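The structure presented is a predicted model; accordingly, all values stated were derived computationally and were not measured.
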Amino acid sequence: MSQNPFGRVVTAMVTPMHDDGSIDFDSLTKLARHLADNGHDGLLVNGTTGESATTTDEEDYDCVEAVVKAVGDRVKVMAGCGTNDTEHSARAAREMAARGAHSLLVVTPYYNKPTQAGIVEHFRQIAEAGGGLPVMAYDIPGRTGTALTSDTIRELAKIDAVKAVKDAKGDLFEATRLQSETDLMWFSGEDELNLAHLAQGASGVVSVVGHLAGNQYREMIDAIDAGNLSQARDIHRRLVPLVDAIMHTSQGAIQVKAALKMQGVIASDYLRMPLLQGPQSHRDRIAAALEATGL
């Protein structure tokens, strides 16, 4: 794990906004410090949960720079730079590196459904543009429409800068097969499967629920490292109501922003359309889950 350039408890940060939709940089840096104080050794800026689909390039770069300045001496800061346009992604990788990012997250190109050979070349060009920064490949076919096949992941493992996979595909057996066949680090990209991935050797988690349960995920990883599966399982089970409320009620960014506003960590739970704040019943469910888990 000493060679892990990403951290082990990593949260895909929301992007706090004012009620007029502009980025709230004060809340962004407050959130980054809050997470660094609560179990995290890695943060992801400009991921899906950060509403990267509706933020501008310059906003993305400024957010990375702000988080690096706030906590970059304490945690690893990973910058999301993947799009379905290779040249666009490469430009973003260069700029994220210039703004101080420690690593890059690159999602499988979405919508245009490239061939697997095209996907490999997409990652290769972005990795080269990143100037050697470690790259984590994000496999989430439910959003992108295209999965990384096992053969493609084997090819990605041959690219020097590609060091890890964020797995939101949910195929646990194939995940463990690829861990045994490659040197890639594996990260759970689904909070529902954090324990399962960690138990079979994943290096860490890239979480949404980690906004609220960073210390608990740190304890879970420590328990796994110590060989105490029963303790890790107990933590996992205690978090079930919270994972359910955040990930299964509507949408992760919506629910987490509402929860963070309740806790006073961010000032507003505003989201950019087409994401929309949830009804009071969803907030009530979050509040009940926070109480049930002691958070």
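A single hydrophobic cluster is not seen to contain both Ile140 and Ile153; linkage of ILVMFWY side chains at heavy-atom distances under 4.5 Å, directly or through other members, places them apart. Clustering ILVMFWY residues whenever any of their side-chain heavy atoms sit less than 4.5 angstrom apart, transitively, puts Leu35 in the very cluster that holds Leu28. Cluster membership for Val240 and Leu193, using ILVMFWY side-chain heavy atoms within less than 4.5 angstrom, is not shared. Hydrophobic clustering of Ile, Leu, Val, Met, Phe, Trp and Tyr side chains at less than 4.5 Å, counting indirect connections, unites Val77 with Val9.
For Glu128 and Arg124, the salt-bridge test fails: no basic side-chain N is under 4.0 Å from an acidic carboxylate O. Between Glu59 and Arg272 there is a salt bridge, since at least one side-chain N of the basic residue sits less than 4.0 Å from a carboxylate O of the acidic one. Checked for salt-bridge contact, Glu65 and Lys69 meet the test: a charged N lies under 4.0 Å from a carboxylate O. The pair Asp234-Arg237 does not meet the salt-bridge criterion, since no charged nitrogen lies less than 4.0 angstrom from a carboxylate oxygen. Salt bridge absent: Glu190 and Arg143 never bring a charged side-chain N and a carboxylate O closer than 4.0 Å.
The shortest distance between side-chain heavy atoms of Val106 and Ser89 does not fall below 4.5 Å. The closest side-chain heavy-atom distance from Leu31 to Val14 is below 4.5 Å. Within the 4.5 Å cutoff, side-chain heavy atoms of Met247 are placed close to those of Val208. Within the 4.5 Å cutoff, the side chain of Leu198 has heavy atoms near those of the Val205 side chain. Contact check for Gln179 versus Leu184: no side-chain heavy atoms found under the 4.5 Å cut-off. Between Glu51 and Leu271, some side-chain heavy-atom pair lies under the 4.5 Å cut-off. The closest side-chain heavy-atom distance from Asp269 to Arg283 is below 4.5 Å. In this structure the side chain of Phe6 never reaches within 4.5 angstrom of the side chain of Lys76, judged on heavy atoms.
Side chains of Gln255 and Gln251: no donor on one and acceptor on the other come within 3.5 Å. Ser22 and Asp20 share a side-chain donor-acceptor pair at under 3.5 Å. With no hydrogens or angles considered, a side-chain donor-acceptor pair links Asp57 and His88 at under 3.5 Å. For the residue pair Thr11 and Ser207, no side-chain donor N or O sits within less than 3.5 Å of a side-chain acceptor on the partner.
Taken to the nearest 0.5 Å, the CG atom of Leu290 stands 6.0 Å off from the CG atom of Leu212. To the nearest 0.5 Å, atoms CG (Leu295) and CZ (Arg238) are separated by 9.5 Å. Asn4 CG to Phe187 CZ: the interatomic distance, rounded to the nearest 0.5 Å, is 4.0 Å. Atom CD1 in Ile266 sits 10.5 Å away from atom NE2 in His34 (nearest 0.5 Å). Lys261 contributes atom NZ, which lies 13.0 Å from atom OH of Tyr270 (distance to the nearest 0.5 angstrom). From Arg177, atom CZ reaches atom CD of Glu174 across 4.0 Å, with rounding to the nearest 0.5 Å.
Within the 3.5 Å criterion, the main-chain N or O of Ala175 finds no donor-acceptor partner in the side chain of Gln200. Put simply, the side chain of Lys163 gets close to the backbone of Asp160: a donor and an acceptor are under 3.5 Å apart. A donor-acceptor pair is defined here as one N or O able to donate and one able to accept, closer than 3.5 Å; such a pair exists between the side chain of Lys257 and the backbone of Thr15. No donor-acceptor distance shorter than 3.5 angstrom exists from the side chain of Asp139 to the backbone of Asp167, with no hydrogens or angles considered. Side-chain atoms of His282 never come within 3.5 Å of backbone atoms of Gln280 as a donor-acceptor pair (strictly under, hydrogens ignored). The backbone N or O of Leu148 sits nowhere less than 3.5 Å from a side-chain atom of Thr152 that would complete a donor-acceptor pair.
Sparse packing is recorded around CD of Glu291, with 12 or fewer heavy atoms of other residues, nucleotides or ligands lying under 6.0 Å away. Counted within 6.0 Å of CG on Asp85, heavy atoms from surrounding residues, nucleotides or ligands total more than 12; the atom is thus considered enclosed. Within a 6.0 Å sphere centred on CG of Asp183, other residues, nucleotides and ligands contribute 12 heavy atoms or fewer.
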Next on the checklist: Could you walk me through whether Thr146 and Tyr110 satisfy the side chain to side chain contact (heavy atoms under 4.5 Å, CB included) test, starting with their C-alpha distance in whole Å, then the side-chain angles of each, then the deciding distance to 0.1 Å, before giving a yes or no?
Outcome noted: CA-CA 7 Å; Thr146 304; Tyr110 42 84; over 6 Å; no
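With Arg8 as the fixed residue, the salt bridge (charged side-chain N to carboxylate O under 4.0 Å, His left out) test singles out one of Asp225, Asp222, Asp41: Asp225.
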